[in-house]
Amino acid sequence: MKIATWNINSVRARVDRLVAWLKAQAPDVLCLQELKCTNEQFPRAEIEACGYRAEVFGQKTYNGVAILSRAEVGDVQRGLNDGVDDDEARLISATFNGVHLIGLYAPNGQEVGSPAYAYKLEWYARLTRVLEQRYQSDQALLLCGDFNVAPDDLDVWDPRYFADKTLFTRPEREAFKKLRDSLGLVDAWRTLHPDLKAFSWWDYRLLAFPKNTGLRIDHFLLTPSLMARCKASEIDREARKGKQPSDHAPVWVELT
DNA sequence: ATGACGTGAGTATCACGA
């Protein structure tokens with residue numbers, strides 16, 4: 001079973017790329033982030049024409065997440081549903097083949113010290129509480145998506161330059177670690193590539209992709225029992241090439 | 001100069017991304 005995640009940075013601007021990638025990679029599940037469209041604007045017909053269903057949690061202009069799958073998913077929930085007043089479409093969860101899936105788009109945080117930065121840290125704390133309240137570490141649970149945090153030095157092209165920059169500040173990395181530790185979750189790609197310096201996002205500016213000045217911020221977090229079934233995980237750097245790409249590459253895991 | 005691009009909204013320029 002192949003499960004993928006991709007921050008597509010506007011699904012309407014890239015529907016042709018999306019369809020081509022689904023046909024080429026044939027994942028069983030693809031979690032999408034940054035749809036930048038409402039449920040009504042989502043290109044459902046094109047997705048269904050290539051054999052996928054779509055559970056969509058859209059929002060006008062910003063955010064928006066979806067779960068595409070070859071077979072029907074169960075128990076779909078949109079949002080954290082933790083009682084906090086929050087209308088940002090950043091999380092969708094479902095079950096598929098006995099696996100609890102959570103597809104998420106964590107807040108970016110803008111500048112350190114800004115309201116958006118505080119919201120990001122609070123959002124991580126809320127998600128951690130939700131995991132602790134609703135799941136157990138012995139379940140088959142998988143979180144994937146754009147976490148907007150580079151966890152370690154190896155995940156940043158220049159850790160010294162990023163030391164006090166959003167996505168790599170100590171509070172963000174600690175919030176990510178607390179989320180991971182809540183259920184003993186494992187960073188699947190890093191576990192399978194312990195010494196590799198590779199990225200999943202590159203700035204559109206400054207020739208960042210050809211210079212490979214990127215960050216690894218798109219992740220799969222698995223409970224230990226699910227990690228035992230994970231034999232492969234890769235970042236599809238090819239999908240960042242060519243005309244009008246998303247600034248993120250897709251990431252996938254293969255589960256036995 | 002670690003230097004500025006892409007998207008949606010709306011129709012000039014701004015908010016936002018990371």
Side-chain angles (χ1 to χ4, degrees), chain A residues 5-18 21 31-43 46 56-66 86-91 103-124 144-176 179 197-219 235 237 239-251:
Chain A
T5 180
W6 194 7
N7 179 325
I8 197 159
N9 186 18
S10 171
V11 69
R12 288 180 296 168
R14 261 171 277 289
V15 65
D16 292 346
R17 266 186 182 264
L18 172 58
W21 195 84
C31 295
L32 291 173
Q33 302 90 39
E34 278 213 88
L35 304 177
K36 292 188 173 179
C37 69
T38 62
N39 294 347
E40 293 72 27
Q41 294 168 321
F42 185 83
E46 292 91 330
V56 181
F57 184 27
Q59 182 184 331
K60 187 181 176 184
T61 312
Y62 301 117
N63 310 317
V65 289
D86 184 348
D87 52 10
E88 300 201 9
R90 296 186 174 278
L91 187 143
L104 63 89
Y105 173 48
N108 165 288
Q110 297 180 2
E111 300 303 320
V112 176
S114 67
Y117 184 81
Y119 171 69
K120 179 179 192 173
L121 296 178
E122 182 54 33
W123 192 89
Y124 260 94
C144 68
D146 177 357
F147 287 76
N148 267 318
V149 173
D152 208 343
D153 283 1
L154 268 181
D155 303 313
V156 180
W157 67 276
D158 184 348
R160 284 185 305 171
Y161 173 71
F162 268 92
D164 55 353
K165 302 272 191 297
T166 321
L167 315 187
F168 196 59
T169 64
R170 187 173 295 277
E172 288 165 275
R173 292 157 71 190
E174 282 175 356
F176 181 82
L179 174 69
K197 190 159 185 167
F199 311 126
S200 66
W201 171 86
W202 300 261
D203 201 304
Y204 284 122
R205 299 166 290 186
L206 298 167
L207 301 173
F209 183 64
K211 290 161 126 175
N212 200 29
T213 53
L215 303 175
R216 193 176 70 93
I217 54 178
D218 299 271
H219 307 298
I235 302 169
R237 203 173 186 283
R240 180 61 173 79
K241 297 180 179 177
K243 282 190 145 191
Q244 295 182 306
S246 167
D247 44 357
H248 294 252
V251 185

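Below, chain A is the first sequence line, B the second, and so on; all start at residue 1. Hydrogens, waters and symmetry mates play no part in the numbers below; they use all other heavy atoms, side chains included.
Using cut-offs of 30° and 60° for the angle between ring planes, the A:Trp157 and A:Phe162 rings count as perpendicular.
Contact annotation for A:Tyr105: backbone-only contact, meaning every heavy-atom pair under 4.0 Å involves sugar-phosphate atoms and none involves a base. Contact annotation for A:Asp146: backbone-only contact, meaning every heavy-atom pair under 4.0 Å involves sugar-phosphate atoms and none involves a base. Nucleic acid contact for A:Asp218: none, since no nucleic acid atom lies under 4.0 Å from a heavy atom of the residue.
For the pair A:Asn63 CG and B:dA15 C1', the computed distance is 12 Å after rounding to whole Å. With rounding to whole Å, A:Trp202 atom CH2 is found 18 Å from B:dT2 atom C1'. The interatomic distance linking A:Trp6 (CH2) with B:dG17 (C1') rounds to 17 Å, in whole Å.
Of the candidates A:Lys36, A:His248, A:Gln33, A:Asn9 forms a side-chain hydrogen bond (donor to acceptor under 3.5 Å, both in side chains) with just one, namely A:Lys36. Partner A:Trp201 forms a side-chain contact (heavy atoms from CB on, under 4.5 Å) with one of A:Asn7, A:Leu215, A:Asn148 and no other, that one being A:Leu215.
Taking atom P on both B:dG10 and B:dC16, the two are 14 Å apart, rounded to the nearest angstrom. Using P as the reference atom, B:dA4 and B:dG8 are 24 Å apart when rounded to the nearest Å.
The nearest heavy atom of DNA chain B to A:Trp157 and to A:Thr166 marks one nucleotide each, and the one closer to the 5' end goes with A:Trp157.
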>> Return a single string for nucleotides 5-11 of chain B, one symbol per nucleotide in 5' to 3' order, where B is base contact, S is sugar-phosphate-only contact and - is none, cutoff 4.0 angstrom on heavy atoms.
In response: BSSSS--
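Geometric assessment of A:Arg90 against the ring of A:Tyr105 yields a positive cation-pi assignment under the 6.0 Å and 45° thresholds.
Nearest heavy atom pair, residue A:Ala89 against residue A:Asn63, reads O-CB, 3.3 Å.
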